[in-house]
Amino acid sequence: MQHSSLDRQLFDRLLDISEIGLSGFMIREGLTGAGVTILKGRTYFGSWRVTAGTLVWAHATIGEEDHFVGSVDEAVRHTLLLILKNLETTRSLRAPQALAG
């Protein structure tokens, strides 16, 4: 399988999940035309790139380790888990403020 086809497959699969957009995230092609970039609103959240036939996730948070997966399905799953974790954290941070108001 060619690297660009992995990128394209992942890009297409993530675009098909409407809940990603509804939750405030956007899927974009990488700046160089390769890879898949994920934005939260207008802020860089992370990106996938293909290295030696493996999909590699690079998180926007400095210090986070890259995550390597062997298939598009695993990349989709990991992306959704990261988005859900982010939404859960954001909601947890807002809940005490809502109760105080």
(request) Indicate the atoms forming the closest heavy-atom contact of V69 with T54, along with that distance. (result) O-CG2, 3.1 Å

(request) Indicate the atoms forming the closest heavy-atom contact of G35 with D7, along with that distance. (result) N-OD2, 2.8 Å

(message) Do L82 and V76 sit in one hydrophobic cluster, given that two such residues count as connected whenever their side-chain heavy atoms are within less than 4.5 Å of each other, even indirectly?
(response) yes

(message) What I'd like to find out is whether the side chain of T37 reaches to under 4.5 Å of the side chain of F11, using heavy atoms alone.
(response) no

(message) Which residues end up grouped with F68 if you chain together Ile, Leu, Val, Met, Phe, Trp and Tyr wherever their side-chain heavy atoms are less than 4.5 Å apart?
(response) V56

(request) Spell out, yes or no, whether L84 and M26 are grouped together once hydrophobic residues are joined by side-chain heavy atoms under 4.5 Å, including indirect joins. (result) no

(message) Can you tell me how far apart CG (L15) and CD1 (I27) are? Round to the nearest 0.5 Å.
(response) 6.5 Å

(request) Decide whether T61 and E64 meet the rule of one side-chain donor and one side-chain acceptor closer than 3.5 Å. (result) no

(message) Test of understanding: with side-chain contact (heavy atoms from CB on, under 4.5 Å), list the residues that count as partners of R77, not counting sequence neighbours.
(response) L81

(request) Find out whether L80 and I20 are in side-chain contact, i.e. whether some heavy atom of one side chain is under 4.5 Å from a heavy atom of the other. (result) yes

(request) Could you check whether the rings of H67 and W48 sit parallel, tilted or perpendicular, using 30° and 60° as the cut-offs? (result) perpendicular

(request) For residues I38 and Y44, determine if any side-chain heavy atom of one lies less than 4.5 Å from a side-chain heavy atom of the other. (result) no

(message) Less than 3.5 Å apart, any donor N or O on the side chain of K40 or T90 sitting next to an acceptor on the other?
(response) yes

(message) F25: which residues meet the ring-ring contact (aromatic ring centres under 6.0 Å, His included) condition with it, sequence neighbours left out?
(response) F45

(message) I want to check something: taking the side chain as every heavy atom from C-beta on, are L55 and L10 in contact at a cut-off of under 4.5 Å?
(response) yes

(message) Keeping E74 on the side-chain end and G70 on the backbone end, is there a donor-acceptor pair under 3.5 Å?
(response) yes

(message) Would you compute the distance between atom CG of D12 and atom CD1 of I17 and round it to the nearest 0.5 angstrom?
(response) 11.5 Å

(message) Are R49 and W57 packed together at the side-chain level, in the sense that at least one heavy-atom pair is separated by less than 4.5 angstrom?
(response) no

(message) Between V36 and E29, is there a side-chain heavy-atom distance shorter than 4.5 Å?
(response) no

(request) Kindly say whether L6 contributes a backbone atom to a donor-acceptor pair with the side chain of Q9 at under 3.5 angstrom? (result) no

(message) With salt bridge (charged side-chain N to carboxylate O under 4.0 Å, His left out) as the criterion, how do R13 and D73 come out once you've worked through the C-alpha distance, each side chain's angles and the decisive distance to 0.1 Å?
(response) CA-CA 9 Å; R13 290 273 306 276; D73 286 340; 2.6 Å; yes

